[in-house]
Amino acid sequence: MQDQAGRVAAIVERFRGVEGAALPILHAVQEALGYVPAESVPMIAAALNRSRAEIHGIVTFYHDFRDKPAGRHLVRVCRAEACKSMGSDQVAQGFEQALGIRLGETSPDGAVTLEPVYCLGLCATAPNAMVDGKLSGRLDGTKAAHLAAGLQP
Ligand code: FES
């Protein structure tokens, strides 16, 4: 099995000479490793002839990218307009209170990552969340807390 740096190097190589490769490379790294490690930024920057600050800026600007590994469970609360207007604040609070972490955090034991997402593509059932890849719609704070309670540590 390739180490992390080797896997990033292979991804960078795959996109060598491709115009506008920053986002595709970062997506590929996140898909391969589950996050974009800070140590990979210099290698990606060098390959693209961009500064480290630019690449770091992309990673932190886009909500899709994570700069730390996710927890064993991933809870994504939709914060886009349709869900917001239907009460996603209460859903987020329900998860936050039940899990003891805020949106954007991972529990200290690494069990759960709670993160915002901007449209899950099923606005008709707003407000929505996705728990370990499974979509739940028409949520409220109580249902969110219930979903959180069902997660195994
Ligand atoms: S806005 Fe939440 S699923 Fe589209």
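Numbering of residues begins at 1 and proceeds along the displayed sequence.
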*Atom pair CZ (R79) and CD (E115), whose distance is rounded to the nearest 0.5 Å*: 13.0 Å
*Grab the two heavy atoms, one from G20 and one from P24, that are nearest each other, plus how far apart they are.*
O-CD, 3.5 Å
*Verdict with supporting geometry, L23 and F65, side-chain contact (heavy atoms from CB on, under 4.5 Å)*: CA-CA 10 Å; L23 284 174; F65 298 124; 3.8 Å; yes
*For Y35 against Q4, the heavy-atom pair lying closest together*: OH-NE2, 3.3 Å
*Side-chain heavy atoms under 4.5 angstrom apart, residues restricted to Ile, Leu, Val, Met, Phe, Trp, Tyr: same cluster for L135 and V117?*
yes
_With a 4.5 Å cut-off on side-chain heavy atoms, are S136 and L147 touching?_
yes
*Minimal non-hydrogen separation, V91 against P127, with atom names*: CG2-CG, 3.8 Å
*Apply the test side-chain contact (heavy atoms from CB on, under 4.5 Å) to residues L103 and E96: give CA-CA distance (whole Å), side-chain angles for both, the deciding distance (0.1 Å), then the verdict.*
CA-CA 7 Å; L103 274 183; E96 286 179 338; 3.8 Å; yes
*asked:* Treating R7 as the side-chain partner and L33 as the backbone partner, does any N or O pair qualify as donor plus acceptor under 3.5 Å?
replied: no
*Heavy-atom pair of closest approach, residues A82 and A126*: O-CB, 3.7 Å
*asked:* So, taking the atom named CZ in R76 and the one named NE2 in H63, what distance separates them when rounded to the nearest 0.5 Å?
replied: 11.5 Å
*Out of curiosity, I44 CD1 to H56 NE2, how far, rounded to the nearest 0.5 Å?*
12.5 Å
*More than 12 non-hydrogen atoms from neighbouring residues, nucleotides or ligands closer than 6.0 Å to CD on E54, yes or no?*
yes
_Can you tell me how far apart CD1 (I25) and CD1 (I58) are? Round to the nearest 0.5 Å._
10.0 Å
*Taking everything shown except M86 itself, do over 12 heavy atoms lie less than 6.0 Å from its CE?*
no
*In terms of hydrophobic clustering (I, L, V, M, F, W, Y; side-chain heavy atoms under 4.5 Å; direct or indirect links), are L122 and L139 co-clustered?*
no
*For Q30 and R66, indicate whether the former's side chain and the latter's backbone hold a donor-acceptor pair under 3.5 Å.*
yes
_Side-chain (N128) to main-chain (L120) donor-acceptor, under 3.5 angstrom_ = no
*Do F95 and Y118 belong together in a cluster built from hydrophobic side chains that touch within less than 4.5 Å?*
no
*Has the side chain of Q97 got a donor or acceptor atom that lies under 3.5 Å from a matching backbone atom of G141?*
no
*CG/D67 to OG1/T60 distance, rounded to the nearest 0.5 angstrom?*
8.0 Å
_K84 vs D89 side-chain heavy atoms within contact, under 4.5 Å_ = yes
*Can you name the closest pair of heavy atoms from S40 and P37 and give their distance?*
OG-O, 2.6 Å
*State plainly whether one hydrophobic cluster holds both V29 and L48, where clusters connect Ile, Leu, Val, Met, Phe, Trp and Tyr through side-chain heavy atoms under 4.5 angstrom apart.*
yes
*Chi angles and distances behind the side-chain contact (heavy atoms from CB on, under 4.5 Å) call for L151, D132*: CA-CA 9 Å; L151 295 173; D132 291 337; 3.9 Å; yes
*Value rounded to 0.5 Å, distance of CD in Q90 from CG in D140*: 9.0 Å
*Quick one: closest heavy-atom pair of A148 and A98, and the distance?*
CB-CB, 3.6 Å
*Report the C-alpha separation of E13 and R16 in whole Å, then their side-chain angles, then the decisive distance to 0.1 Å, and conclude whether the salt bridge (Lys or Arg N to Asp or Glu O under 4.0 Å) test is met.*
CA-CA 5 Å; E13 193 51 43; R16 190 165 294 283; 3.0 Å; yes
*Would a distance-only check, ignoring hydrogens and angles, find a side-chain to backbone donor-acceptor pair under 3.5 Å from T106 to T113?*
no
